[in-house]
Amino acid sequence: ASETELRDALHDLNAVELDGRWRVVDEPYFWNILDMILCAAVCVQLARKLLHKQDKWRWDDFMSAWRQDTPTSVTPTKDMLRGECEIMCDEADLANIPGCRIRARWESADLLPYLDGITGPGETAEALLLKFTRTVNK
């Protein structure tokens, strides 16, 4: 059998490739995992939508709006925001500080298209980012 035929047969068996090895996954389990992954991805996209709608939020207001927009099959968590925004207070204080704020975090690649039209002669978009932004390690 050709490699294409073998791959087709493995896919027909609901097999997935993990670290170069093929594993057969029970169909109901496969759909359950896929549903969980998709729900979590939808939840993160809804958080991004809220963060783009409003740059700064009070923590409790953001969580309330996020929970309201999220399907009932998934619960939004702070961990889902990792890499998406900057939380402006200590994690231990999140539950105790109603005024805790978060703000959207941008990747430099996301900002570059907006800087193309405002760079001067001999100036690069990267130089503008270095001058007017700060780097936050994930």
Side-chain angles (χ1 to χ4, degrees):
S2 71
E3 185 175 338
T4 303
E5 291 171 325
L6 288 173
R7 285 189 179 274
D8 289 345
L10 287 167
H11 284 289
D12 290 344
L13 292 171
N14 292 323
V16 292
E17 187 177 3
L18 299 171
D19 297 325
R21 298 185 68 183
W22 285 91
R23 310 269 191 229
V24 177
V25 179
D26 184 49
E27 189 170 347
Y29 184 68
F30 173 81
W31 291 113
N32 188 32
I33 290 173
L34 185 60
D35 185 49
M36 288 182 345
I37 291 169
L38 291 175
C39 286
V42 167
C43 193
V44 170
Q45 289 299 322
L46 291 169
R48 286 180 183 161
K49 181 179 117 183
L50 288 172
L51 289 168
H52 285 289
K53 188 186 298 185
Q54 183 175 319
D55 186 42
K56 292 183 181 182
W57 288 82
R58 287 175 36 102
W59 177 255
D60 51 349
D61 293 341
F62 175 79
M63 288 304 292
S64 176
W66 193 20
R67 282 187 197 106
Q68 185 177 1
D69 286 355
T70 304
T72 56
S73 59
V74 65
T75 302
T77 65
K78 179 180 63 72
D79 288 337
M80 291 176 173
L81 296 175
R82 189 163 287 145
E84 300 299 329
C85 66
E86 179 180 2
I87 299 174
M88 311 281 288
C89 62
D90 293 330
E91 290 183 20
D93 295 332
L94 286 178
N96 302 322
I97 303 176
C100 179
R101 298 185 183 280
I102 61 174
R103 84 175 164 206
R105 179 180 293 177
W106 292 69
E107 298 290 329
S108 61
D110 296 331
L111 293 171
L112 290 175
Y114 298 104
L115 301 176
D116 285 339
I118 62 170
T119 54
E123 194 174 38
T124 65
E126 289 82 4
L128 287 176
L129 286 176
L130 286 171
K131 185 174 180 180
F132 294 107
T133 62
R134 68 184 171 108
T135 302
V136 177
N137 293 326
K138 289 183 180 179

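In this text the structure is predicted, and so the values were computed from the model without any measurement.
The side-chain heavy atoms of N14 and Y29, taken from C-beta on, include no pair separated by under 4.5 Å. Annotation: side chain of E3 is not in contact with side chain of L6 (no heavy-atom distance under 4.5 Å). Residues M36 and V74 fail the side-chain proximity criterion, which asks for heavy atoms closer than 4.5 Å.
Classification of D60 and R58 as a salt-bridged pair holds, one side-chain N sitting under 4.0 Å from a carboxylate O. No salt bridge links R23 with E17; every basic N to acidic carboxylate O contact stays at or beyond 4.0 Å.
Interatomic distance, K49 NZ to L46 CG, rounded to the nearest 0.5 Å: 6.0 Å. Separating the CZ atom in R48 from the CG atom in L81 is a distance of 10.5 Å, to the nearest 0.5 Å. Between I33 atom CD1 and L38 atom CG the span is 12.0 Å, to the nearest 0.5 Å.
When the side chains of ILVMFWY residues are joined at heavy-atom separations under 4.5 Å, either directly or via intervening members, L18 and L13 end up in two distinct hydrophobic clusters. Tracing side-chain contacts under 4.5 Å through hydrophobic residues (I, L, V, M, F, W, Y), one reaches L34 starting from V16; they form part of the same cluster. In the hydrophobic clustering of this structure, I37 groups with F30; members are Ile, Leu, Val, Met, Phe, Trp, Tyr whose side-chain heavy atoms approach within less than 4.5 Å, directly or through other members. Note on V42 and M80: same hydrophobic cluster, where clusters join Ile, Leu, Val, Met, Phe, Trp and Tyr whose side-chain heavy atoms are under 4.5 Å apart, directly or indirectly.
Distance alone, capped at 3.5 Å, places no donor-acceptor pair between the Q54 side chain and the L51 backbone.
W31 CH2: 12 or fewer foreign heavy atoms inside a 6.0 Å radius.
With sequence neighbours left out, the salt bridge (Lys or Arg N to Asp or Glu O under 4.0 Å) criterion links D26 to no other residue.
Here side chain to side chain donor-acceptor pair (under 3.5 Å) pairs that include residues 62-71, with residues two or more places apart or in two chains, number zero.
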